[in-house]
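All values reported here derive from a predicted model rather than from experimental measurement.
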Amino acid sequence: MLAEIRGLNEECGVFGIWGNQDAAHLSYYGLHALQHRGQEGAGIVTTDGNQLQAVRGEGLVNDVFNEDKLRKVVGHAAIAHVRYATAGGKGLENVQPLLFRSSTGSLAIAHNGNLVNATHLKQFLERSGSIFNSTSDTEVVVHLIKKSKHSPFRAKVKEALSLLKGAFSIILLTNDQMIVARDRNGLRPLSLGKLGDAYVVASETCAFDLIGAEFIREVEPGELLIISNNGLEVDSYVEKDKRTMCAMEYVYLARPDSNIDEVNVHMARKRMGKELAKECAHIEADVITGVPDSSISAAIGFSEESGIPYELGLIKNRYVGRTFIQPTQELRERGVKMKLSPVVQVVKGKRVIMVDDSIVRGTTSKRIVRMLKEAGAAEVHVVISSPPMTDPCYYGIDTSTHEELIASNHSVEEIREAIEADSLTFLSLEGMVRATNRPFEDENGGLCLACFTGKYPTEIFPDTVLPHEKDC
């Protein structure tokens, strides 16, 4: 959806490559493909085998990098990151990859997700002498590695990762290896690919397509990949738990040309639209339109199933960034006006079905409904290709309180009145799960549905079993 999920601030995107002398430039292109996952900052750290070098900055990928900067970060390996601030605050110190130098060697880290026990871990580390340079929960991981008494380095990483609770896809880079890990539930996407002899990892497979890499497989939950000049070694740091990929990756967050767990996102959204059409057979309308861009696939599916023609009733200004990325609600709302325009000739005098992917606060939906009616629409029926979002997400999407979610405190009819729609229909939970068509045989399709059901796959505010402080 365009801006309703502008309350849904996506976590981040990570990219890594080992074994190509043009690693920095390939990372730059990889970040372009992942730009939708974060627009507040971007960074690349490379290694030539002797030293780690970093380029980081606030803003879009094109704002941060240029040819001169990329020529300065040479090497055969790199990790890269695009950021939206969730747990950590704004500022250059929080832009990743974070780079640390010490007498025992340098280390860089890129992280997608959110650690629900980060505060607990940080308090433990500070009591044992750690000093933090950022407010990002990602820095906690490096301090845990540094504090570990295990040897070799891989064992330190395993111990640190085993202490983490929540969602994470992490890439670590040293001068002699790249280590890749995913949380035990697989809440955030992470894929492995190859470009010639080089190994590539990315949050979404669309990054592989852009650089011409071949998809190999998903990184498994609880898995640890060690990539070096010796090739790829597969290990694990913990037994994987019940697989629960974030359902919102399919509904909204991922790019439609990405495949997640071998399910194409565009096709999943089309099936959501078809399921929604079956549940909305009672609505009489003349035209269907989707809110660009993430709702277009569902709108096409709705049209195919219902037989009601699909039209471009809303046009997106391609030169305005995602409004949900803006740091204040006032700027988000202003961004909606800049970003969308109704096509009067399409909607005037028509009964319009407006397909969107979700409703968070309701403010943006109200503005779009008004926009269509001001353009002459006779009726505006809002249909949502996901269930009502009633509960906060603690795994990297920035809806951390019930107060932010209109469906948490209001009935569907009350939401309909608030957004001034003629009718409002949400896709059923069963319809959404069925539409993802995932190859996992459980009632939830191997999905995390916590924001719709309040049933979280992990403890939300867990106490972590930590090493004895005297040993650190």
Backbone N or O of [Y] within a donor-acceptor pair of the [X] side chain at under 3.5 Å?
X    : Y    : result
S27  : A23  : yes
S148 : I145 : no
R154 : D235 : no
E40  : Y84  : no
N112 : C12  : yes
T390 : S408 : no
E404 : T401 : yes
T46  : A78  : no

Those residues that, when tested against K156, pass salt bridge (Lys or Arg N to Asp or Glu O under 4.0 Å) (two or more places apart):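 With neighbours one apart ignored, the set is empty.
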[X] versus [Y]: any side-chain heavy-atom pair under 4.5 Å?
X    : Y    : answer
T47  : L173 : yes
I283 : V383 : yes
I179 : I171 : no
E249 : R188 : yes
L125 : L144 : yes
I296 : V291 : no
E279 : L427 : yes
M354 : I368 : yes

Scan side-chain atoms only and decide if [X] and [Y] contain a donor-acceptor pair under the 3.5 Å cut-off.
X    : Y    : answer
Y250 : R438 : yes
S295 : D356 : yes
E204 : S191 : no
E139 : S134 : yes

How are the rings of F215 and F208 set to each other: parallel, tilted or perpendicular (split at 30° and 60°)?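 Tilted.
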Parallel, tilted or perpendicular: ring planes of F168 versus H111, cut at 30 and 60 degrees: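 Rings of F168 and H111: perpendicular, as their planes differ by over 60°.
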Please determine which of [options] meets the side chain to side chain donor-acceptor pair (under 3.5 Å) test together with [X].
X    : options          : answer
N259 : D209, T205, N264 : N264
Y395 : N185, T458, T244 : T458
S297 : H266, K270, R269 : H266

Look at [X] together with [Y] and state whether they make a salt bridge at an N to O cut-off of under 4.0 Å.
X    : Y    : answer
D183 : K165 : no
E58  : R83  : no
R56  : E93  : no
E304 : K274 : yes
E275 : R434 : yes

Could you go step by step and tell me if E311 and T289 meet the side chain to side chain donor-acceptor pair (under 3.5 Å) rule? CA-CA 5 Å; E311 293 283 356; T289 191; over 6 Å; no
Nearest non-hydrogen partners of [X] and [Y], listed with the distance:
X    : Y    : answer
V263 : N437 : CG2-O, 3.8 Å
R184 : P221 : O-CB, 3.2 Å
C280 : F302 : CB-CZ, 3.9 Å
L164 : I170 : CD1-CD1, 4.2 Å
K240 : E220 : NZ-OE1, 3.4 Å
I419 : S365 : CG2-CB, 3.8 Å

Using the side-chain contact (heavy atoms from CB on, under 4.5 Å) criterion, which residues pair with T453? Sequence neighbours excluded.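 T453: side-chain contact (heavy atoms from CB on, under 4.5 Å) contacts with L429, L449, K455.
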Go through F124 and H120 one step at a time and tell me if the ring-ring contact (aromatic ring centres under 6.0 Å, His included) criterion holds. CA-CA 6 Å; F124 156 71; H120 184 62; 8.0 Å; no
Counting only heavy atoms from other residues, nucleotides and ligands, does the tally under 6.0 Å from OH of Y29 exceed 12?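 Result for OH/Y29: open.
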Before giving the answer on salt bridge (charged side-chain N to carboxylate O under 4.0 Å, His left out), spell out for D137 and K122 the whole-Å C-alpha distance, their side-chain angles and the decisive distance to 0.1 Å. CA-CA 8 Å; D137 59 354; K122 189 171 183 178; over 6 Å; no
Measure from NZ or CZ of K158 to the centre of the six-membered ring of Y237, then state whether that distance is under 6.0 Å and the direction lies within 45° of the axis.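 No.
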Side chain to side chain donor-acceptor pair (under 3.5 Å) for H76 and N20? Distances and angles first, verdict last. CA-CA 5 Å; H76 62 277; N20 189 297; over 6 Å; no
With a 6.0 Å cut-off on ring centres, are Y28 and H32 close enough?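 Between Y28 and H32, the centre distance is under 6.0 Å.
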Could you please spell out the steps behind the side chain to side chain donor-acceptor pair (under 3.5 Å) verdict for S228 and Q177? CA-CA 5 Å; S228 68; Q177 61 187 327; over 6 Å; no
